[in-house]
Amino acid sequence: MVQSLNVSGIVNAFRVIWNPSLAMPHIIVNDIRCINYSNLKKVGNIKAIGFDKDNCLTAPYVSTIYPPFKGAWNDCKTTFSKENVVIVSNSAGTEDDVGSKEAQKLEESLGVTVLRHKEKKPAGGHFLESIPAQETAFVGDRILTDVMFGNRNGNLTIWTNKVITEEGDNKVALVLRRMEYHLINFLQKMNVKPPPHPSISSHTIDIFIHKE
């Protein structure tokens, strides 16, 4: 599948200039294995969770879970139940995905719903109308799409900063991701904080991270 230009991503990136906190994730981990899903639910009062796909759950444009992540993925689905786990991709489920063929393939492979949506992240509204945004987490590997999407919608945002592979990835995404690492380093030096969120207001973020 060929991805069309993400105009929304380009336009919304300029929001960082006026509101840099939108680019700051609440929690930073290497990958989805580092997330303590049980504590997110029990301590953080998170009732649902959304994920980006490429380089977060799967290799780019692959429909199966990255094998080392199988245990964590099953743990996530067991903790929140499958109906409260959603994939929000900028490829599968978008208008680039003709007939939603890729979305359907993903749903069969990963066992959760893939959101059908017209607006690409970071645009678009909250993805689970049945659960309040502040009781939802969003996980992804990209700052200017995934983290900004979650922060704009009031979610608890989790950035997975170690990609699965750059092989086969969108060339534009490769360049932007490397810029995002520099952006996060700069914002951290400037002591920029993520938007306030009740899940971490009275807890340290360590409780939501599995230590290696």
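Sequential numbering from 1 along the given sequence is applied to the chain's residues. Since this is a predicted model, take the numbers as computed values, not measurements.
Between I207 and N36 there is no side-chain heavy-atom pair separated by less than 4.5 Å. Contact check for V29 versus F208: no side-chain heavy atoms found under the 4.5 Å cut-off. Put simply, the side chain of P25 does not reach to within 4.5 Å of the side chain of I158, judged on heavy atoms. At least one side-chain heavy atom of K77 sits less than 4.5 Å from a side-chain heavy atom of V112. Annotation: side chain of M148 is not in contact with side chain of R142 (no heavy-atom distance under 4.5 Å). Side-chain contact between R152 and L22 is present, with heavy atoms from C-beta onward closer than 4.5 Å. You'll find the side chain of M179 stays beyond 4.5 Å of the side chain of L144, heavy atoms only. Residues I32 and C76 form no side-chain contact, since every pair of their non-hydrogen atoms from C-beta on lies 4.5 Å or further apart.
I184 contributes atom CD1, which lies 13.0 Å from atom NZ of K189 (distance to the nearest 0.5 angstrom). Taking NE2 of H210 as the start and CG of N30 as the end, the distance is 13.5 Å to the nearest 0.5 Å. For the atom pair CD1 (I205) and CG (N39), the distance works out to 13.0 Å, reported to the nearest 0.5 Å. If you take CG on N55 and NZ on K162, they are separated by 13.0 Å, rounding to the nearest 0.5 Å. A distance of 5.5 Å separates OG in S89 from CG in D54, rounded to the nearest 0.5 Å.
Remark: side-chain polar atoms of N155 are not paired, donor with acceptor, to backbone N or O of N151 under 3.5 angstrom. A side-chain donor-acceptor contact under 3.5 Å links N170 to the backbone of V172. Side-chain atoms of D146 never come within 3.5 Å of backbone atoms of G140 as a donor-acceptor pair (strictly under, hydrogens ignored). Between the side chain of T58 and the backbone N or O of V62, at least one donor-acceptor pair lies under 3.5 Å. Between the side chain of H126 and the backbone N or O of G150, no donor-acceptor pair lies under 3.5 Å.
Between F138 and F127, the distance from one ring center to the other falls under 6.0 angstrom. For F149 and W159, the gap between ring centers reaches or exceeds 6.0 Å. A ring-centre distance under 6.0 Å is found for F51 and W73.
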Could you check I200 against L156 for side-chain contact (heavy atoms from CB on, under 4.5 Å), going step by step and ending with a plain yes or no?
CA-CA 9 Å; I200 57 174; L156 179 72; 4.2 Å; yes
Report the C-alpha distance between K41 and I49 in whole Å, list the side-chain angles of each, state the deciding distance to 0.1 Å, and finish with yes or no for side-chain contact (heavy atoms from CB on, under 4.5 Å).
CA-CA 10 Å; K41 185 175 183 179; I49 189 166; over 6 Å; no
Decide side-chain hydrogen bond (donor to acceptor under 3.5 Å, both in side chains) for K193 and N191; before the verdict, give the C-alpha distance in whole Å, the side-chain angles of both, and the deciding distance to 0.1 Å.
CA-CA 6 Å; K193 304 298 183 184; N191 200 31; 3.1 Å; yes
V139 vs I35, side-chain contact (heavy atoms from CB on, under 4.5 Å): CA-CA, chis, key distance, verdict
CA-CA 10 Å; V139 185; I35 302 171; 4.0 Å; yes
Are S91 and D97 close enough, and set up right, to give a side-chain contact (heavy atoms from CB on, under 4.5 Å), and what steps lead you there?
CA-CA 6 Å; S91 53; D97 182 12; over 6 Å; no
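The two residues G124 and N153 come nearest to each other via the heavy atoms O-ND2, 3.3 Å. I46 and S199 get closest at one heavy-atom pair: CD1-OG, 3.5 Å. Here the shortest heavy-atom pairing between P195 and H26 reads O-NE2, 2.7 Å. Taking each heavy atom of N90 and D96 in turn, the nearest pair found is O-OD2, 4.2 Å. The two atoms that bring A103 and A92 nearest to each other are N-CB, 4.0 Å, heavy atoms only.
Residue pairs meeting the salt bridge (charged side-chain N to carboxylate O under 4.0 Å, His left out) criterion with at least one member in residues 166-177, sequence neighbours excluded: D141-R177, E166-R178, D169-R177. Note on residues 128-137: pairs passing salt bridge (charged side-chain N to carboxylate O under 4.0 Å, His left out), not counting sequence neighbours, are K47-E135.
For CZ of F186, the number of neighbouring non-hydrogen atoms (other residues, nucleotides, ligands) closer than 6.0 Å is 12 at most.
Partners of S109 by side-chain contact (heavy atoms from CB on, under 4.5 Å), not counting sequence neighbours, listed by chain and number: T64.
When each of K82, R116, K53 is checked for a salt bridge (charged side-chain N to carboxylate O under 4.0 Å, His left out) with E107, only R116 meets the rule.
Placement of L115 and Y61 in two distinct hydrophobic clusters is found when ILVMFWY residues are connected by side-chain heavy-atom separations under 4.5 Å, directly or transitively. Tracing side-chain contacts under 4.5 Å through hydrophobic residues (I, L, V, M, F, W, Y), one never reaches L176 starting from L174; they form parts of separate clusters. Under a hydrophobic clustering in which Ile, Leu, Val, Met, Phe, Trp and Tyr are joined whenever their side-chain heavy atoms come within less than 4.5 Å, directly or via other members, L106 and L128 fall into different clusters. Follow the hydrophobic side-chain contacts under 4.5 Å out from F80 and you never reach I131; the two are in separate clusters. There is no path of hydrophobic side-chain contacts, each under 4.5 Å, that joins L57 to V88.
The closest side-chain donor-acceptor pair between N19 and S21 falls under 3.5 angstrom. When only modelled atom types and interatomic distance are considered, T160 and D31 share no side-chain donor-acceptor pair under 3.5 Å.
Between E108 and K105 there is no salt bridge, since no side-chain N of the basic residue sits under 4.0 Å from a carboxylate O of the acidic one. A salt bridge does not link D75 with R33: none of the charged nitrogens is closer than 4.0 Å to a carboxylate oxygen.
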